[in-house]
Amino acid sequence: MAKAQRVLSIEIGYSLTQVCEMDFRSKHPQVYGVFSMKTPDGILNDGAISPTESYIQELKSYIAANGMNAKKVIFAVSSTKIASREATIPMVKENKVAEMLMSNITDYFPVDPSSYQFAHNIMDTITDEAGTKQYRVMIMACPSEILEGYSYLAQQLGLELSSIDYSGNSIFQALRHRFATGVNLTVKIDERSSLLTVTNNGVITMQRSGIYGADQVVDIMMDTDVYGEPLSYEAAVKTLRRNNLVMKAEEEATLADKEAEVAELERQNEAAIAAAAATGDSSQVASTTVAAKQAGANLKMLRLRRDVTYAYEQLISSIVRVIDYYNSKNRDAAIDNIIITGIAADFWGFAGLLSDELGREVEVLKDLAGTNINQGLHLQDVSLGDYISVIGAGLGSVGFMPASMASEKGGKGKGAKKSSASNEKLPVIVFVAGLAVAVVLIALSVPKYFTTKIEGENLTEKKTQLEPVQGIYDTYVQTKADCDYLNEVYAQTDNYNRDLYELIGQLEQKLPKDVEVTTMNVTTTGVSLAFSVGTKEEAAAAIINLRSFENFSDVLVTAVTEVTNDETGTSRVQLTADCTYGTNPALLVDESTESTEENAETAEAETVAE
């Protein structure tokens, strides 16, 4: 059996560059080593890279220091400029799919195809109503200018570029065996954004980006002086993983008291120092100074935890919004499992905070259990969840390639067969006849050529004029998607409780004046009342009035009790009523009766007139 070929898989983030050496496109790949290094500022801009000479040399030294000797490289790229569309096409040979898609590529992406590179991924095979098998395909488009930077970096590293993958596909490839069944959500948290992928029985059904990432939390750690000297990016990440900096609600409630306490201790310390200067007695200075400094340090830590928790909540909010959007569109396919990965996934306390917000368990991806990937013994203590994109890219890249390399590969073809010797001895008459036919064909073709040329120039000019419209169209599509999302969220808030204030006003008007409401429980489905009145007659009237409310479809009296006060000798009637929200059926009957009576009166009037 042939030995699997090793490959370096690299993902360049805004803050960290992550590298993995593994078997390339193997059924059971082995991961041989991983490492991360700091990405300098200015290297990455929304997927496009501008590697400096110092960055290239540092990356080379890291690769050598980690004993990685693969000769080929692949890159995992994340960018908002990489667009994707889903399409259904007839089932053809897999090597013909790309050709079929390219023949209609402008139908999927209204852009200039010469400025983009395209790739596809066959997600599923389906059968239509007529019984015809079809492919469900994810098509991706990446600007050529993004890909060229990776080609340059591979060349400078002395490596052969094998492929460039989209990180959304990389995550799917790494976890497809683990999540082969059910509806599963994977959340990858990068430095400045997060990517949410939903799969249903091993097929991607939705991918969306969140606007927050780990950097907002890491920046807070790098700016604080709680730990003495400012922390580097790597040190800040390690600190967040080793310390639970989530603030509990009861701790936040004491923050104002702690601030007042510190202010008082600092005032006492200043007073002790002033007294020592005036009297020469410094016996109190040491104790007040220690107390003030300790309280100040504790307050700094409390404020840091507050700021970190707030940043976590913003990140969680962006994730929850995407989940709410999915739930609103897929009510029959509820999410079974949620797994988080990426830089912030194993920040201590973050997963618990997310679990509390969602009201369900959230799993942190730390190893490759349940996948088809072999994790070496020397990597057992490494959190490979951080490297999920680079590992997935090595399993099944979508196959983006820079335009320059794609054209080089496309230009190589089979050589033409050599002419036989007999062809050199053809009679002159055949040559003359062929020449005559050629002249006739040229004469017939010239007018059509010039007509087609003019049409082509006109179309090119029209295309140039319409190119600015693309930006407007993209803005419209995004705005419409945002509007649809907000409408879905708004629809979920539309219930009878919006009129709760008016309902309470009606209760005050229609219930007896001496009514005493002891409890009132309100849900989205109805209102439960416990109240008492002076007499049974008033109790009956109260029930009748409740059943006349426009927004109560049913009023069920669950308890009626007459209670006598031993001290005063007076008695009251206690009632419990469950009122269900909905249209009052009695009002529907009244409207129908009124309509019938109006029709009868109209008919009678017409008869009299006749």
Side-chain angles (χ1 to χ4, degrees), residues 11-19 34-46 49-59 61-62 65-66 189-194 210-248 251-252 255 258-259 261-263 265-266 269 289-316 318 342-353 381-383 385-387:
E11 182 180 33
I12 300 173
Y14 283 100
S15 303
L16 294 175
T17 297
Q18 296 171 319
V19 181
V34 296
F35 72 81
S36 296
M37 59 172 269
K38 184 77 172 69
T39 303
D41 293 337
I43 296 293
L44 181 68
N45 181 19
D46 197 9
I49 59 171
S50 303
T52 61
E53 182 61 29
S54 59
Y55 172 75
I56 293 171
Q57 293 304 320
E58 185 177 9
L59 182 54
S61 64
Y62 265 86
N66 282 273
I189 304 168
D190 293 320
E191 296 102 320
R192 299 187 184 180
S193 63
S194 50
I211 61 175
Y212 292 105
D215 273 6
Q216 192 172 8
V217 184
V218 177
D219 288 346
I220 292 172
M221 297 298 295
M222 294 173 66
D223 291 340
T224 186
D225 60 352
V226 168
Y227 297 94
E229 296 182 356
L231 299 175
S232 66
Y233 192 93
E234 295 87 341
V237 170
K238 288 181 180 178
T239 303
L240 285 164
R241 288 174 174 171
R242 294 172 180 173
N243 298 273
N244 188 352
L245 297 178
V246 174
M247 173 181 276
K248 297 178 181 179
E251 291 178 309
E252 186 174 4
L255 186 57
K258 295 292 184 182
E259 290 174 340
E261 179 184 346
V262 169
L265 289 173
E266 288 176 347
N269 186 41
T289 300
V290 170
K293 285 186 176 181
Q294 185 62 50
N298 293 339
L299 180 60
K300 277 186 178 181
M301 175 59 74
L302 203 59
R303 287 172 173 167
L304 173 64
R305 294 174 64 193
R306 176 198 61 192
D307 295 343
V308 168
T309 303
Y310 178 69
Y312 279 156
E313 289 172 348
Q314 287 185 304
L315 172 57
I316 289 171
S318 71
I343 293 177
D346 53 356
F347 286 175
W348 194 352
F350 173 72
L353 204 60
D381 296 329
V382 177
S383 179
D386 293 352
Y387 299 90

Which residues satisfy the ring-ring contact (aromatic ring centres under 6.0 Å, His included) test with Y227, sequence neighbours excluded?
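Once residues adjacent in sequence are excluded, Y227 has no partner under the ring-ring contact (aromatic ring centres under 6.0 Å, His included) criterion.
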Ignoring hydrogens and angles, state whether a donor on the side chain of [X] or [Y] is under 3.5 Å from an acceptor on the partner side chain.
| X | Y | result |
| --- | --- | --- |
| S50 | N45 | no |
| T17 | T39 | yes |
| D41 | Y14 | no |

Among residues at least two apart in sequence or on other chains, which ones pass side chain to side chain donor-acceptor pair (under 3.5 Å) with [X]?
| X | answer |
| --- | --- |
| Q57 | E53 |
| T289 | N269 |
| S36 | Y387 |

Calculate, to the nearest 0.5 Å, the distance between atoms [atom1] and [atom2] belonging to [X] and [Y] respectively.
| X | Y | atom1 | atom2 | result |
| --- | --- | --- | --- | --- |
| R303 | I220 | CZ | CD1 | 14.5 Å |
| S194 | L315 | OG | CG | 6.0 Å |
| E191 | I343 | CD | CD1 | 4.0 Å |
| M247 | M301 | CE | CE | 10.5 Å |
| Q216 | S318 | CD | OG | 9.0 Å |
| Q18 | M37 | CD | CE | 11.5 Å |

Contacts of type side-chain contact (heavy atoms from CB on, under 4.5 Å), residue [X], not counting sequence neighbours:
| X | result |
| --- | --- |
| V262 | E266, A295, L299 |
| A345 | I340, V364 |
| N244 | V246, W348 |
| P230 | none |

Should S15 and V218 be marked as a side chain to side chain contact (heavy atoms under 4.5 Å, CB included) after you check the CA-CA gap, both sets of side-chain angles, and the distance that decides it?
CA-CA 10 Å; S15 303; V218 177; over 6 Å; no
Under 30°, 30 to 60°, or over 60°: which ring-plane class applies to Y62 and F35, parallel, tilted or perpendicular?
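Correct class here is parallel.
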Could you tell me whether E251 and R306 have a side-chain N and a carboxylate O separated by less than 4.0 Å?
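No, this pair does not count.
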Looking at every heavy atom in both [X] and [Y], which two are closest together, and how far apart are they?
| X | Y | value |
| --- | --- | --- |
| A344 | I189 | CB-CG2, 3.7 Å |
| N66 | V34 | OD1-O, 4.2 Å |
| Y312 | L240 | OH-CD2, 3.8 Å |
| I43 | P51 | CD1-CA, 4.0 Å |
| Y212 | Q314 | CD1-O, 3.5 Å |
| V217 | A311 | CG2-CB, 3.7 Å |

Using salt bridge (Lys or Arg N to Asp or Glu O under 4.0 Å) as the criterion, list what pairs up with [X], not counting sequence neighbours.
| X | result |
| --- | --- |
| E261 | none |
| K300 | D225 |
| D346 | R241 |
| E252 | none |

Does F350 form a side chain to side chain contact (heavy atoms under 4.5 Å, CB included) with L245? I'd like the steps, not just the answer.
CA-CA 9 Å; F350 173 72; L245 297 178; over 6 Å; no
Side chains of V19 and L59 in contact at under 4.5 Å (non-hydrogen atoms)
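Contact flag for V19/L59 side chains = yes.
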With a sphere of 6.0 Å drawn around NZ of K238, does it hold more than 12 non-hydrogen atoms of other residues, nucleotides or ligands?
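No, the 6.0 Å shell around NZ holds no more than 12 heavy atoms from other groups.
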Worked verdict on D215 versus Y233 for side chain to side chain contact (heavy atoms under 4.5 Å, CB included)
CA-CA 9 Å; D215 273 6; Y233 192 93; 2.5 Å; yes
Determine whether a donor-acceptor pair (N or O, by modelled atom type, separation under 3.5 Å) exists between the side chain of T224 and the backbone of M221.
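Flag not set: sc T224 to bb M221 has no pair under 3.5 Å.
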